[in-house]
J.: 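Got a structure for you, questions after.
Sequence lines set the chain letters: A, B, ... in the order given, protein chains first and strands last, and positions in each chain run from 1. Both backbone and side-chain heavy atoms feed into the values below; hydrogens, waters and symmetry mates do not.
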2 protein chains.
Amino acid sequence: MQLAEAKAKFIADWGRLGTNWGINRTMAQIHALLMVSPDPLGADDVMEQLSISRGNANMNLRELIDWGLVQKVIVPGERREFFSAEKDIWKVARQIVKERKKRELDTMLPVLKELSEVEGDKRDRSVKTFTDTINNIRKFSEQADKILDTMIKADEHWFLGSLMKLFSGKS
Amino acid sequence: MQLAEAKAKFIADWGRLGTNWGINRTMAQIHALLMVSPDPLGADDVMEQLSISRGNANMNLRELIDWGLVQKVIVPGERREFFSAEKDIWKVARQIVKERKKRELDTMLPVLKELSEVEGDKRDRSVKTFTDTINNIRKFSEQADKILDTMIKADEHWFLGSLMKLFSGKS
DNA sequence: AGGAACTTTCAATTTTATTTGAAAGTTCAG
DNA sequence: CTGAACTTTCAAATAAAATTGAAAGTTCCT
């Protein structure tokens, strides 16, 4: 396969993957494009290569910056802004985990606590089923919270290495 | 908070969460409703409680069954079908991981392999950046593949317990 | 200040995803 | 076999999300 074709396929697949994970297709595609670009690209490059409008490119680039996945790069002597993406997928994964945890898990935990304090007789089956389920989710979430915090701080070699070792040993 | 209100809030929040993860809102809401129901519900119950049409209820229930998150329950003496959801969130998480891995990671790996074999001179910066990025993603995905397989087979106590121990010790 | 180069915004439009509901299909008791 | 009870399908309608493009905003050079 030629490079151009391979790039196009990667961008399309990464975009499709994104939509399965609640990320808009264009945002994922811009991310893919920047990940495989040897040099930072300008908004015009992104617009042209993905056939999207200026407004769209601008909004999604801003969103990617907001997620910490893309950075503005200043090229001396150039008026316009350039953009480049982190290429180390471990750092990308960690950054995504960090942001999603902040946006989702951290906001969910207080809600679960509130829901677990529902009024009513615990001998009532409806109440019991509800609180049991919520508490189960809550406990699970609290454990996930700690594990993800560790992962966010961890170094790739240590983290994945430890996991692999752990899982091959079944200790 | 009263039970009815708490249930409504949980269903709404679980639905919102779902949309952030590429799962349609109604499907997540039906799942939430069944998780907090002490007894299996019929399609009519689901329709009424969530104010959705029969077709919608039917389709999303089927999808949930397809994901292995909901099961049909036969109630003796009743003509219609009832549905109940797994309430143990660890089992739910494992099932979701299993399905998403099958649908996404397992189909992505061969594509990454193909992309990593792109033609061209490796001294060409464009080619090098592309293959380096793809290989990095590929290596990461292969490790994730193994770790997720372990998780899918694992018992909650062993799995989360090991992780917690590992992360507190930093060994 | 004036204006070229570039970026941002957002109302209108387009695209995509979801939902409806009526018709067709199935099952089963009588 | 018949028809009531229930389930499934799917084309059309609706709702939600993404995209456009032109106008407004900003920056910076002269």
J.: If the plane angle is over 60° it's perpendicular, under 30° parallel, otherwise tilted; pick one for A/Trp21 and B/Trp21.
T.: perpendicular
J.: Starting the side chain at C-beta, find the nucleotide from C/dT8, D/dA18, D/dT20 nearest to A/Arg54.
T.: C/dT8
J.: Let me spell it out: for each of B/Arg80 and A/Gly55, pick the nucleotide of DNA chain D with the closest heavy atom. Which residue's pick is nearer the 5' end?
T.: B/Arg80
J.: Do the side chain of B/Glu86 and the main chain of B/Asp88 share a donor and acceptor less than 3.5 angstrom apart?
T.: yes
J.: For A/Leu61 and C/dT7, give me the distance from atom CG to atom P, rounded to whole Å.
T.: 10 Å
J.: Just the rounded figure in Å: distance from P of D/dA18 to CG of A/Leu50.
T.: 16 Å
J.: Measure from the side chain of B/Arg62, starting at C-beta and using heavy atoms only, and say which of C/dT7, C/dT9, D/dT9 lies closest.
T.: D/dT9
J.: Return the value, rounded to whole Å, for the distance between atom CD of B/Glu63 and atom P of D/dT9.
T.: 12 Å
J.: A/Asp44 or B/Ser51: which one's nearest nucleotide on DNA chain C is closer to the 5' end?
T.: A/Asp44
J.: Could you state the atom-to-atom distance from CE of B/Met27 to C1' of C/dT18 in whole Å?
T.: 13 Å
J.: Check whether any side-chain heavy atom of B/Leu41 sits under 4.5 Å from a side-chain heavy atom of B/Gln49, and report yes or no.
T.: yes
J.: May I have the distance from A/Glu81 (atom CD) to C/dT8 (atom P), rounded to whole angstrom?
T.: 5 Å
J.: Considering only side-chain heavy atoms of A/Thr26, which listed nucleotide, C/dT18, D/dA18, C/dC10, is closest?
T.: D/dA18
J.: Does A/Asp149 reach the side chain of A/Lys101, with side-chain heavy atoms less than 4.5 Å apart?
T.: yes
J.: C/dT8, D/dT7, D/dT19: which one has an atom nearest the side-chain heavy atoms of A/Asn58?
T.: C/dT8
J.: Could you tell me the separation between the CD atom of A/Glu78 and the P atom of C/dA5, rounded to a whole number of Å?
T.: 13 Å
J.: For the side chain of B/Arg79 and the base of C/dT27, is some donor closer than 3.5 Å to an acceptor across the two?
T.: yes
J.: Please report the distance, rounded to the nearest Å, between CE in B/Met47 and C1' in D/dT8.
T.: 13 Å
J.: Return the value, rounded to whole Å, for the distance between atom CZ of B/Phe83 and atom P of D/dC6.
T.: 13 Å
J.: Mind checking A/Asn56 for me? I need base, sugar-phosphate or nothing, with any heavy atom below 4.0 Å counting as a touch.
T.: base
J.: Measuring from the side chain of B/Lys72 (C-beta onward, heavy atoms only), which nucleotide among C/dT16, D/dT8, C/dC10 has the closest atom?
T.: D/dT8
J.: Parallel under 30°, tilted from 30 to 60°, perpendicular over 60°: which one fits the rings of A/Phe140 and B/Trp90?
T.: tilted
J.: For D/dA18, does either OP1 or OP2 sit under 4.0 Å from a side-chain N or O belonging to A/Asn60?
T.: no
